[in-house]
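Please read the structure below before turning to the comments.
Count residues from 1 along the sequence. Atoms within a ligand are numbered from 1 in the order they appear, just like the ligands themselves.
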Amino acid sequence: MLRTHTCGELRIGDVNKEITLTGWVQRQRDKGSLLWIDLRDRYGVTQLFLEEGKSEASLIQLARTMGREYVIKITGIVAERLSKNDKMPTGDIEVKLTSLEILNTSKTPPFTIEDQTDGGEDLRMKYRYLDLRRTTVREGLQLRHKMAQQTRLYLDSLDFIEVETPVLIKSTPEGARDFVVPSRMNPGEFYALPQSPQTFKQLLMVSGFDRYYQIVKCFRDEDLRADRQPEFTQIDCEMAFITQEDILKTFEGLIRHLFKSVKGIDMPSVPHMTYDDAMKYYGSDKPDTRFEMKFVELNDVAKGKGFVVFDDAELVVGICAKGCASYTRKQLDELTEFVKKPQIGAKGMIYLRCEANGTYKSSVDKFYDEIELSRWAQKFNADAGDLILVLSGEKEKTRKALGELRLHLANQLGLRDKNKFAPLWVVDFPLLEYLPAGQAGNEEMGLPAGQAGRWHAMHHPFTSPKPEDMGLLDSDPGKVRANAYDMVLNGTEIGGGSIRIHDRATQQLMFSKLGFSPEEAKKQFGFLMEAFEYGAPPHGGIAFGFDRLCSLFGGADSIRDFIAFPKNNAGRDTMIDTPSTISQEQLKELSIDVKIK
Ligand code: ASP
């Protein structure tokens, strides 16, 4: 190495040593008689200094020619600092320069490369390689590396083997559009990039691999919502000869191992909640359980008292905000405005204040007397000083809206602490969900575009129904539960999977329920159904969203800082400037007959 030490390494015990460092000039302070330089590398920052009269004049002169981000190599003597900086690991020492070599110059960078930068998102993305020099961004990637290493360590210890599956494949329906790649050698034909290695990992189970994993890139051509990436990484896993309980135990183990090894947190065992309960008590299939504020249904105490809004509603349901009875009119109006936003969709909100003096004050006092209101309060176990907020209407919509209000309120009350972690298994998802015409995405499934609404696999078509619910498949498909599960962390889905169908007849039945003709099913998934006829073992698995998991462990909102070279919200990489056009010759070679702009 060109250096003897890194810029994060020197301590008080190194005083008087002669050392050599390499790195980037983060900044210089020139006080005339004294010149300080902060030298940065991946490991930290070390302060260097030159002193007029004591250091060689030519050295000082050379140092004064340097700008930010110059790459240098220095030799010097470690000295104890007069004014120490306890915020820096190297803050007790500085290095008195005895030689300086400029290894490369640098243009002035377009933004300051420090923790607090003046660079906006766009600029930082265009010069991502400079952004990556910043400690916060670099630490995100270091965390990611550690998470990946620990994942491999854990899975390897349980005899999982990492197998690479192909990237040029045929479409797998995971509910999004495929990215496609034209095949030059097969004119008019296309590969698809995998939305996940789903069918391959199932085939590996048929092959007898028994325990597979892969930290793998997946691709989904979705309309980019905030913080989605067209290419993302999964920890993808599959096991054979297991029950659902085995999978939940194994992967709860993974998450607990990651918390322990990466963050030093002893995570208690992960609770289970059924999908039905999640919807009923939190209005979401990914409840944030860092705080309580569970829904309480009020139909029995609120209906039949002459208040039409409640009388006409399928569901009257509320939450209790502890200690919030002192909310002002303005604060309550703001909450009402929030639930009335089109994306939330409630028509209005009723409140009940449990006043400190034991009386009740509500926005529907006309219809309910004190005794009736006290019954509401009892249902919530509300104390004096609490505030109850109630929504009503059609069941599903009202639950969803109240779920949003719950999160909004929790944000306001600071209940969503980034340093607190509440993982949860949500189990027993419905097998199917009905998508009305227009949302059915028929074309993506290779079904006729004009077809009416249809049943859609909530997880994916390879998920097995619960055997005890099979009888409902014809009579009441929406009621059939699946052996499917999600792991939720702090209100975010971090992983999901299922026990799979492993026989041809059930898989075929499933495709027909989803609206595939036998020919279509055979054309798209004949290989899988055929494999099931050669001794397919019972199997199941899960995939975790690795980018999101890293961002949650890092306490960040965005996944971008945990991806070395992410795409922006329009799916563009502005640094390499892509997607981009290709030449007419390339198009011709690929047998794609498009005129470029
Ligand atoms: N392939 C599924 C997904 O990407 C995960 C699984 O079922 O294992 O969500």
Checklist entry - Just heavy atoms, cut-off under 4.0 Å: does Glu493 contact ligand 1 by side chain, backbone, both, or neither? => result neither
Item to check | Shortest non-hydrogen contact between Arg220 and Ser196, atoms and distance | outcome: NH2-CB, 3.9 Å
Checklist entry - Evaluating non-hydrogen atoms only, which member of Ser196, Ala484, Gly496, Ala176 is closest to atom 5 (C) of ligand 1? => result Gly496
Checklist entry - Relative to the ring of Phe527, is the ring of Phe525 parallel (under 30°), tilted (30 to 60°) or perpendicular (over 60°)? => result tilted
Checklist entry - Do the ring planes of His408 and Phe338 sit parallel (below 30°), tilted (30 to 60°) or perpendicular (above 60°)? => result parallel
Item to check | Atoms of ligand 1 close to Gln234 [distance to a heavy atom under 4.0 angstrom, numbered from 1] | outcome: 3 (C), 4 (O)
Item to check | Per-atom contacts, ligand 1 versus Ile542 - under 4.0 Å to a heavy atom | outcome: 8 (O)
Checklist entry - Short N/O distance, under 3.5 Å, between Gln198 and ligand 1? => result yes
Checklist entry - Which ligand 1 atoms are under 4.0 Å away from a heavy-atom of Ala543? => result 5 (C), 8 (O)
Item to check | Numbering as shown, the atoms of ligand 1 that approach Lys201 to under 4.0 Å (heavy-atom distance) | outcome: 6 (C), 8 (O)
Checklist outcome for this item: The atoms of ligand 1 lying under 4.0 Å from a heavy atom of Arg220, numbered in the order shown, are 3 (C), 4 (O)
Next on the checklist: Would you say Ser558 and Asp561 are linked by a side-chain donor-acceptor pair, where the criterion is simply a distance under 3.5 Å?
Outcome noted: no
Next on the checklist: Under the side chain to side chain donor-acceptor pair (under 3.5 Å) test against Glu238, which residue among Arg500, Gln202, Arg211 passes?
Outcome noted: Arg500
Checklist entry - Against heavy atoms of Gly497, which atoms of ligand 1 measure under 4.0 Å? => result 6 (C), 7 (O)
Item to check | Phe259 ring center within less than 6.0 Å of Phe553 ring center | outcome: yes
Checklist entry - In terms of the angle between their ring planes, are Tyr213 and Phe160 parallel, tilted or perpendicular, with boundaries placed at 30° and 60°? => result perpendicular
